[in-house]
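Accompanying notes for the structure given below.
Owing to the predicted nature of the structure, the values given are computational and were not obtained by experimental measurement.
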Amino acid sequence: STYMRMLRSVYNRGVEAGSAPYVPYLFRDVYTGVDVRQKRALPMSELHKLLYDDPQSERLRRTQSIATLMFQFCGMSFADLAHLEKSALDSGVLRYNRIKTKTPISVEVLDSAKEMLDQLRNRQESRPNCPDYLFGILRGDKKRKDERAYREYQSALRNFNNRLKDLARVLRLKSPVSSYTLRHSWATTAKYRGVPIEMISESLGHKSIKTTQIYAKIMPKAVLEGFKKIKKVI
């Protein structure tokens with residue numbers, strides 16, 4: 001829907017500039033709204049299953065560990081997790097810039113995440129002029145602006161989403177699951193636990209609170225003591 005709105009805007013400007021012919025009702029049958037009824041966050045019971053029930057498979061356990069880190073790192077996106085470099089981790093804190101918005105983020109690594117972080121840590125030596133990734137999701141054998149590196153990331157994202165679906169199926173979840181589900185679930189859980197929307201927005205690295213409000217639709221039912229309460233929810 002977002003892409004179609006952008007395309008419609010470009011088309012309208014082209015018509016105004018005389019570069020494109022005017023076609024009446026060209027976008028009449030194209031959906032360009034936001035479906036507020038769509039729920040991307042998992043119910044708490046299914047979220048707990050996804051992150052902590054044993055799938056009885058080493059391949060799916062790895063996928064589950066990645067998903068759990070994304071959740072525990074305040075809804076970190078898969079792109080940001082995959083591109084984290086070893087230099088980002090300093091004294092139990094991850095400091096990085098978001099891939100999408102370049103917003104600087106700092107996330108505390110909880111004790112519950114340290115074991116999974118060590119399991120997924122990249123043990124290979126860095127290569128000259130190549131990123132030294134913290135995790136072994138990407139190979140790190142290509143320069144940062146190499147087009148092949150982006151294609152490798154796209155492949156890694158597809159594989160992760162496919163394995164998430166496998167994990168959800170094995171654990172018998174009813175809700176659809178993707179990499180964005182974890183981000184939405186963290187935001188919604190934080191909102192439900194009384195974390196101010198401004199803190200959620202900052203933790204997600206959003207430029208606008210309006211974006212965060214799309215992620216966290218549920219109004220809080222209880223106001224708890226502070227932001228770190230989210231770390232104890234699951």
Exercise for review: Quick one: pull up CG in Leu167 and CZ in Arg59 and give me the separation to the nearest 0.5 Å.
Suggested key: 9.5 Å
Review point. When you look at CD of Gln154, are more than 12 heavy atoms from neighbouring residues, nucleotides or ligands closer to it than 6.0 Å?
Key: yes
Review point. With no hydrogens and no angle check, do the side chains of Thr32 and Arg8 hold a donor and an acceptor under 3.5 Å apart?
Key: yes
Check your understanding: Should Gln64 and Pro55 count as side-chain neighbours, where that means a heavy-atom distance under 4.5 Å?
Key -> yes
Practice item. Determine whether the side chains of Arg183 and Ser179 contain a donor N or O and an acceptor N or O closer than 3.5 Å. Key: no
Practice item. Check whether more than 12 heavy atoms from other residues, nucleotides or ligands sit under 6.0 Å from atom NZ of Lys142, and answer yes or no. Key: yes
Point to revise | Contact check, side chains of Arg95 and Ile105, non-hydrogen atoms, under 4.5 Å | key: no
Practice item. Give the intermediate values and the outcome of salt bridge (charged side-chain N to carboxylate O under 4.0 Å, His left out) for residues Asp111 and Lys114. Key: CA-CA 5 Å; Asp111 291 339; Lys114 289 179 180 178; 3.2 Å; yes
Review point. Quick one: are Phe71 and Leu50 in side-chain contact, heavy atoms under 4.5 Å?
Key: no
Check your understanding: Tell me, do Thr189 and Met44 make a side-chain contact under 4.5 Å, heavy atoms counted?
Key -> yes
Exercise for review: Identify, with sequence neighbours excluded, every residue that meets side chain to side chain donor-acceptor pair (under 3.5 Å) alongside Ser9.
Suggested key: none
Check your understanding: Under 3.5 Å, is there a donor-acceptor pair between the side chain of Glu152 and the main chain of Arg139?
Key -> yes
Exercise for review: Return the minimal non-hydrogen interatomic distance between Val177 and Leu173, and the atom names on each side.
Suggested key: CG2-CD1, 4.2 Å
Study note, to complete from the structure: Looking only at heavy atoms, the pair that brings Asp80 and Asn97 closest together is OD1-O, 4.5 Å
Practice item. Say whether, by atom type as modelled, one donor and one acceptor occur between the side chain of Thr181 and the main chain of Ser178 under 3.5 angstrom. Key: yes
Practice item. Measure from the side-chain N and O atoms of Glu46 to the backbone N and O of Lys174, and report whether any donor-acceptor pair falls under 3.5 Å. Key: yes
**Study point:** Glu202 atom CD, over 12 foreign heavy atoms within 6.0 Å
**Key:** no
Study note, to complete from the structure: In short, Ser203 meets Trp186 closest at the heavy-atom pair CB-CH2, 3.7 Å
Point to revise | Co-members of the apolar cluster containing Leu7 [side chain, <4.5 Å] | key: Met4, Tyr11, Val15, Tyr22, Val23, Leu26, Phe27, Val30
Study note, to complete from the structure: Under a side-chain separation threshold of 4.5 Å, the hydrophobic residues clustered together with Tyr3 are Met6
Check your understanding: Do Ser65 and Arg62 have side-chain heavy atoms sitting under 4.5 Å apart?
Key -> no
Exercise for review: Indicate the atoms forming the closest heavy-atom contact of Phe73 with Ala113, along with that distance.
Suggested key: CE2-CB, 4.1 Å
Exercise for review: Give the C-alpha distance, both sets of side-chain angles, the deciding distance and a yes or no for side chain to side chain donor-acceptor pair (under 3.5 Å) between Arg5 and Ser1.
Suggested key: CA-CA 6 Å; Arg5 289 198 301 270; Ser1 179; 3.1 Å; yes
**Study point:** Result of checking Leu134, Ile137, Asn122 against Leu84 for side chain to side chain contact (heavy atoms under 4.5 Å, CB included)
**Key:** Leu134
Revision key, fill the gap. One should read off an interatomic distance between Leu117 CG and Gln119 CD, to the nearest 0.5 angstrom, of 10.0 Å
Study note, to complete from the structure: Scanning both residues in full, the closest heavy-atom pair of Tyr153 with Leu138 reads CA-CD2, 3.8 Å
Review point. With side chains defined as the heavy atoms from C-beta onward, is the minimum distance between Ser77 and Arg98 less than 4.5 Å?
Key: yes
**Study point:** Test item: Gln72 side-chain N/O and Leu110 main-chain N/O as donor-acceptor pair under 3.5 Å
**Key:** no
Review point. At their closest point, which heavy atom of Ile99 faces which heavy atom of Ala79, and how far apart are they?
Key: CG1-O, 3.9 Å
Review point. Among all residues two or more places apart in sequence or in another chain, which pass the salt bridge (charged side-chain N to carboxylate O under 4.0 Å, His left out) test with Lys86?
Key: Asp132
**Study point:** Partner residues of Lys165 under the side chain to side chain donor-acceptor pair (under 3.5 Å) criterion, sequence neighbours left out
**Key:** none
Point to revise | Where at least one partner belongs to residues 118-130, residue pairs that pass salt bridge (Lys or Arg N to Asp or Glu O under 4.0 Å), sequence neighbours excluded | key: Asp118-Arg121
Point to revise | Over 12 non-hydrogen atoms of neighbours within 6.0 angstrom of CZ in Arg13 | key: no
Check your understanding: Say you draw a straight line from CZ of Arg148 to OG of Ser155; how long is it, rounded to the nearest 0.5 Å?
Key -> 14.5 Å
Exercise for review: May I ask you to test the Leu182-Leu51 pair for a side-chain heavy-atom distance under 4.5 Å?
Suggested key: yes
Review point. Once you round to the nearest 0.5 Å, how far does CG of Leu94 lie from OG of Ser87?
Key: 10.5 Å
Check your understanding: Within a strict 4.5 Å, meaning less than it, do heavy atoms of the Thr68 and Tyr52 side chains meet?
Key -> yes
